[in-house]
Amino acid sequence: MAHILIIDDSQVEARMLKSMLEHAGHTVSHATNGYEGIEIAKAETPDLILMDVVMPLINGFQATRELSRAPETQHIPIVVCSSKDSDTDFLWAKRQGARGYLIKPIRAAELLAVVKRFVLEHG
């Protein structure tokens, strides 16, 4: 199964995602802000990153941009997870390097389909 890094400052949101992923057999790491997420991604090289947008210090778009451009993490697919649902948000996430976009609240079926698409089918 996959190792997935959740970067989200909401403990409630992260716990829900973690529960869905672990129930499906995946290993999960969690970072509470973009800087911590970047460090964990570089140290652990997860198979997939789920990135919140609105966070303290640096936002998810900034962290996505940094991870998608760093040689040691640019191969890791990043899926932005946000309550922001405009076309502009989708496009901006893609421009920063995100490969997917999920709108909160995220259902287990959507989440597991994304894992299958970006990790299990390409692993």
Side-chain angles (χ1 to χ4, degrees):
M1 299 312 281
H3 175 203
I4 299 163
L5 171 59
I6 299 168
I7 304 175
D8 195 322
D9 62 321
S10 166
Q11 293 295 327
V12 172
E13 194 72 36
R15 232 187 337 261
M16 286 185 346
L17 293 172
K18 182 176 182 183
S19 174
M20 288 186 262
L21 292 164
E22 287 179 340
H23 183 73
H26 301 292
T27 302
V28 179
S29 297
H30 176 227
T32 58
N33 64 64
Y35 286 128
E36 182 184 14
I38 290 166
E39 292 306 310
I40 291 173
K42 289 179 178 180
E44 298 182 2
T45 57
D47 300 305
L48 176 70
I49 297 171
L50 300 175
M51 180 76 72
D52 184 28
V53 173
V54 180
M55 294 184 287
L57 306 177
I58 64 171
N59 68 43
F61 291 138
Q62 293 166 308
T64 296
R65 184 172 52 244
E66 185 165 330
L67 287 167
S68 67
R69 294 187 177 140
E72 65 269 41
T73 54
Q74 65 187 6
H75 67 284
I76 304 169
I78 299 171
V79 175
V80 168
C81 301
S82 178
S83 56
K84 298 163 122 336
D85 64 355
S86 75
D87 290 343
T88 306
D89 296 313
F90 297 138
L91 290 170
W92 189 245
K94 191 168 184 153
R95 275 197 161 160
Q96 305 318 304
R99 298 199 200 154
Y101 199 102
L102 290 172
I103 299 168
K104 294 178 180 179
I106 299 166
R107 296 187 335 258
E110 291 176 297
L111 181 61
L112 297 177
V114 161
V115 172
K116 183 178 180 188
R117 177 177 168 207
F118 290 108
V119 179
L120 302 180
E121 290 178 354
H122 294 98

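All of these numbers come straight from a predicted model, not from anything done at the bench.
When the side chains of ILVMFWY residues are joined at heavy-atom separations under 4.5 Å, either directly or via intervening members, Ile106 and Leu48 end up in a single hydrophobic cluster. By the rule that hydrophobic residues join a cluster once side-chain heavy atoms approach within less than 4.5 Å of another member, Val80 and Val54 end up as members of one cluster. Note on Leu112: it clusters hydrophobically with Ile6, by side-chain heavy-atom contacts below 4.5 Å among ILVMFWY residues. No path of Ile, Leu, Val, Met, Phe, Trp and Tyr side chains, each step under 4.5 Å between heavy atoms, connects Met55 with Leu17, placing them in separate hydrophobic clusters. Hydrophobic clustering (ILVMFWY, side-chain heavy atoms < 4.5 Å, transitive): Leu67 and Leu57 are in one cluster.
Residues Leu5 and Pro46 share a closest heavy-atom pair of CB-CG, 3.7 Å. What you find for Ser68 and Gly97 is that their closest heavy atoms are OG-CA, 3.7 Å. Nearest heavy-atom pair across Leu102 and Glu110 is CD2-CB, 4.2 Å. Contact detail for Cys81 and Leu50: the closest heavy-atom pair is SG-CB, 3.9 Å. Of all non-hydrogen atoms in Asn33 and Ile7, the two that sit nearest each other are O-CG2, 3.6 Å. When every heavy atom of His3 is checked against every heavy atom of Glu44, the shortest pair comes out as CE1-OE1, 3.1 Å.
The local environment of NE2 in His23 is sparse, with at most 12 non-hydrogen atoms from other residues, nucleotides or ligands closer than 6.0 Å. Counting heavy atoms of neighbouring residues, nucleotides and ligands inside a 6.0 Å radius, atom NZ of Lys104 exceeds 12 of them.
Considering Leu111, Ile4, Val115, Val114 in turn, Val114 is the only one that fulfils the side-chain contact (heavy atoms from CB on, under 4.5 Å) rule with Val79. Partner of Tyr101 under the ring pair (Phe, Tyr, Trp, His ring centres under 6.0 Å) criterion, out of Phe118, Phe90, Phe61: Phe90 alone.
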Legend entry - Residue pair Asp47, Met1: steps toward the side-chain contact (heavy atoms from CB on, under 4.5 Å) verdict: CA-CA 9 Å; Asp47 300 305; Met1 299 312 281; over 6 Å; no

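Separation of atoms CD1 (Ile38) and CD (Glu66) is listed at 3.5 Å; rounding is to 0.5 Å. Here CD of Glu72 is found 8.5 Å from CD of Gln74. Values are rounded to the nearest 0.5 Å. Distance CH2/Trp92 to CD/Gln96: 4.5 Å, rounded to 0.5 Å. With rounding to the nearest 0.5 Å, the separation of CG in Asp85 from OG in Ser83 is 8.0 Å. Here the OG1 atom belonging to Thr32 is positioned 6.0 Å from the NE2 atom belonging to His30, to the nearest 0.5 angstrom.
Side-chain atoms of Thr64 come within 3.5 Å of backbone N or O of Gly60 as a donor-acceptor pair. Here the side chain of Gln62 pairs a donor or acceptor atom with the backbone of Asn59 at under 3.5 angstrom. Formation of a donor-acceptor pair under 3.5 Å by the His26 side chain with backbone atoms of Ala2 is found in this model.
Two residues are said to be in side-chain contact when any heavy atoms from C-beta on lie closer than 4.5 Å; Asp8 and Met16 fail this criterion.
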